[in-house]
Chemist: 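Below is a structure I'd like to ask you about.
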Amino acid sequence: MVGTGLPIRVVLAKLGLDGHDRGLKVVARMLRDAGMEVVYLGLRQTTGSILNAVEQEDADVVGISMHNAGHLTLGPRIVSALADAGLDVPVVIGGIVPDVDLAELEAAGVAAVLGPGAPVDEVVSTVRAVAGHDGSD
Amino acid sequence: MDGSRSTLSGIPLEPVYGEGPFPGEYPYTRGVHADMYRSRLWTMRMFAGFGTATDTNGRFRELLRSGSTGLSTAFDMPTLMGRDSDHPWSLGEVGRAGVAVDSVEDMADLFAEIDLGGVSTSMTINGPAAILLAMYVVVAEQGGVERGRLAGTLQNDILKEYQAQKEYIFPPRPSVRLVTDVIRFTATEMPRWNPVSVSGYHIREAGSTAVQELAFTLANGFAYVEAAVAAGLPVDIFAPRLSFFFNSHVDFFEEIGKFRAARRIWARWLRDRYGATDERSLKLRFHTQTAGVSLTAQQPETNIARVALQALAGVLGGTQSLHTDSHDEALALPSEAAARTALRTQQVIAHETGVTGVADPLGGSAYVEWMTDEVERRAEEVFAHLDEIGGGSILEGVYEGIQSGWFMGEIAESAYRFEREVNAGDRIVVGVNAFTEGNGSTGTDLLRVGQETEDDQLARLTAVRAGRDSDAVATALGRVAAEAADPDLNLMPSLIEAVEARATVGEIVEVLEGVFGTYVETAVV
């Protein structure tokens, strides 16, 4: 893993109508405590608003939280929207995602999926791995 | 032989033991009825909803055949947010996490071949609650059941949406006006209907502690009392129909203490602060649901044990109705088989364990009485804080706590503290941070709702729009807008007219947003 000297910047958002934000807020605090910079967009974000934030904030990673069973529709859309905009930023999905959907999400280009109860070490190491640098010098 | 009157060994049982005040006596700490479950079991009410109205209707009828005694409707996210299935936000969400209802025709399909005069129905809906109630009334009356005979509960608890569940549409004050409109309408026209289910469930699921759940919920209840009194309704006219909805989490005795304290606090506040004199106004009746957030995706069969223990806490705490979560709910909406096991869990508690034979069987336990007192004392500290920031009004205190982000910050802090304790190994969650042998791939028999549901629902919505009298819709929506602008009018009659004209949920909500505005939360981590 390479160091850039800059902290990892993560955009966190709830995509769509679902209001379950407990998990995403906990993840936001976990990542901050691990030294990352978190841009917390909160609820009811769209592909467009996430794209804007990624561009403006120069994000290394996008974290999307989904509890509405819409991940197979919305997950691939955000990945392709980022690609279409020329942004090479990995997408991590967290929330309620059945194992049987993992292959389809991976094929669609989702970088990682974090399930319910993922411990802090796994959350932090997953984000570091997909960011491509660990925030150190 | 009635199993609730004697033990398996044949030892006869009294209906209650210990000291007064007994169940059925003020302040109802020991229960709202003297005989509790001897005379009437709790209502076994399983929450269900997915796909199209026809899909959910099939699940409803299966649950009734299996011995459910009430219905409980889960709507999909677009419906909960007051958006039609063809709204841009609805993409990927139609019918996925609940049933899609756009128009009164969907509501008719949802309850097809179910006798609405003979069943009680709960509808979990908040922002657009008044619109969905209007649809239910229209469907019932078209089927020959008068509104006065309808029994059920509308969640209609908007305050906890800003605090926890986040399914708000309009800003708090006009939203509370809609709540009081429903309270007034049901008080005069639907005497068997509970117009608000003041809900701690979602506050708890969002991460609060048991004490916060209790305190925030009762504070919201006091706020609705103050709002309805301010709207000119005498407290004893509506308070008997206010109901509550609590979470039953894994900390067994803390939960039981919470339920007992809830009844005592409500009785005292309604009598002493709000001047209620009707005994029914003082009795806190509540629905319980086991804690979805406590379910693990790891070794999901373990959840059957969690649910059974949480359900037992609800019963020992004196609940009036109960939903038991299905063990696959950390992975997806419940499959039919998992939902049946969850219902069977209630039936085992009700008919095999004997806990129904004696009211408040834990009353008098030094630990349980201490816990009840302690939970109550801590909740009173929260009420004192809200009363202070509200300048002597709990309603104003709740508005202030929402606006300043106080509730959300308190809940987020508790959620993070719990997560840190689990991560540090200070709290054991079986299958998650201990006893993980056997964790493997899960989820082969999960309920799946696919894109075809969305396509079906969109076709249906298009057909409804094409087949209605668009002038009548425009006229009805114009009346809704005009009456929304006059806070002295009750919106229910114009909403019923709009629904009858086949105006959709999304169309009505947009008209109301034009008058009330749209709420946007400031994101707080």
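All chains are named by letter (A, B, ...) in the order of the sequence lines, taking the proteins before the strands, and each is independently numbered beginning at 1.
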Chemist: Check whether L80(B) gets within reach of chain A through its side chain, its backbone, both or neither, counting any heavy atom under 4.5 Å.
Modeler: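 For L80(B), no heavy atom lies under 4.5 Å from chain A.
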Chemist: If we define contacts as heavy-atom pairs under 4.5 Å, which of V38(A), V97(A), L12(A), D33(A) has the most with chain B?
Modeler: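 Counting heavy-atom pairs under 4.5 Å, the top option is D33(A).
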Chemist: Determine, for F418(B) and R204(B), whether the Lys NZ or Arg CZ falls below 6.0 Å from the six-membered ring centre while staying within 45 degrees of the axis.
Modeler: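 Cation-pi check for R204(B) and F418(B): fails.
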Chemist: Less than 4.0 Å between a side-chain N and a carboxylate O, is that true for R306(B) and E329(B)?
Modeler: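 Here E329(B) does not pair with R306(B) in a salt bridge, since their nearest N and O are not under 4.0 Å apart.
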Chemist: Determine, stepwise, if the pair T453(B) / D456(B) fulfils side-chain hydrogen bond (donor to acceptor under 3.5 Å, both in side chains).
Modeler: CA-CA 5 Å; T453(B) 294; D456(B) 286 354; 5.7 Å; no
Chemist: Is a donor on one side and an acceptor on the other found under 3.5 Å between the side chain of S90(B) and the backbone of D84(B)?
Modeler: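 Side chain of S90(B) to backbone of D84(B): a pair is present.
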Chemist: Can you say whether Q165(B) sits under 4.5 Å from chain A via the side chain, the backbone, both, or neither, judging by heavy atoms?
Modeler: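 Backbone only.
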Chemist: Pick from P116(A), G16(A), G95(A): which one has the most heavy-atom pairs with chain B under 4.5 Å?
Modeler: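 Among the listed options, the one with the most contacts to chain B is P116(A).
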Chemist: Determine the option with the most heavy-atom pairs under 4.5 angstrom with chain B, choosing from L15(A), D21(A), L41(A).
Modeler: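 Highest number of pairs under 4.5 Å: D21(A).
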Chemist: Given a strict heavy-atom distance threshold of 4.5 Å, which part of V94(B) is in contact with chain A: side chain, backbone, both, or neither?
Modeler: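 Nothing of V94(B), per the 4.5 Å heavy-atom cut-off to chain A.
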Chemist: Can you tell me how far the CD atom of E454(B) sits from the OG atom of S85(B), to the nearest 0.5 Å?
Modeler: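 If I round to the nearest 0.5 Å, the distance is 7.5 Å.
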Chemist: Side chain, backbone, both or neither: which part of M77(B) has an atom under 4.5 Å from a heavy atom of chain A?
Modeler: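 Both the backbone and the side chain of M77(B) come within 4.5 Å of chain A.
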Chemist: side-chain contact (heavy atoms from CB on, under 4.5 Å) between F75(B) and L132(B): does it pass, once the steps are laid out?
Modeler: CA-CA 10 Å; F75(B) 296 100; L132(B) 276 288; 3.8 Å; yes
Chemist: Sort out for me which of G431(B), G98(B), A523(B) touches chain A most, counting heavy-atom pairs under 4.5 Å.
Modeler: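 The answer is A523(B).
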Chemist: Could you check if a side-chain atom of E421(B) sits within less than 4.5 angstrom of a side-chain atom of R417(B), using non-hydrogen atoms only?
Modeler: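 A side-chain contact under 4.5 Å exists here.
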Chemist: Is it the side chain or the backbone of P88(B) that comes within 4.5 Å of chain A heavy atoms, both, or neither?
Modeler: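 Neither part, no heavy atoms under 4.5 Å.
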Chemist: Take a 6.0 Å sphere around CG of D88(A) and say whether it holds more than 12 heavy atoms from other residues, nucleotides or ligands.
Modeler: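 It does not: D88(A) CG has 12 such atoms or fewer within range.
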Chemist: Check whether L72(A) gets within reach of chain B through its side chain, its backbone, both or neither, counting any heavy atom under 4.5 Å.
Modeler: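 Contact with chain B: side chain only.
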Chemist: Tell me, side chain or backbone of E205(B) under 4.5 Å from chain A's heavy atoms, or both, or neither?
Modeler: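 Contact with chain A: backbone only.
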Chemist: Heavy atoms only, distances under 4.5 angstrom: which of T46(A), L102(A), L43(A) has the most pairs with chain B? Name it, please.
Modeler: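 Max contact count across the listed options: L43(A).
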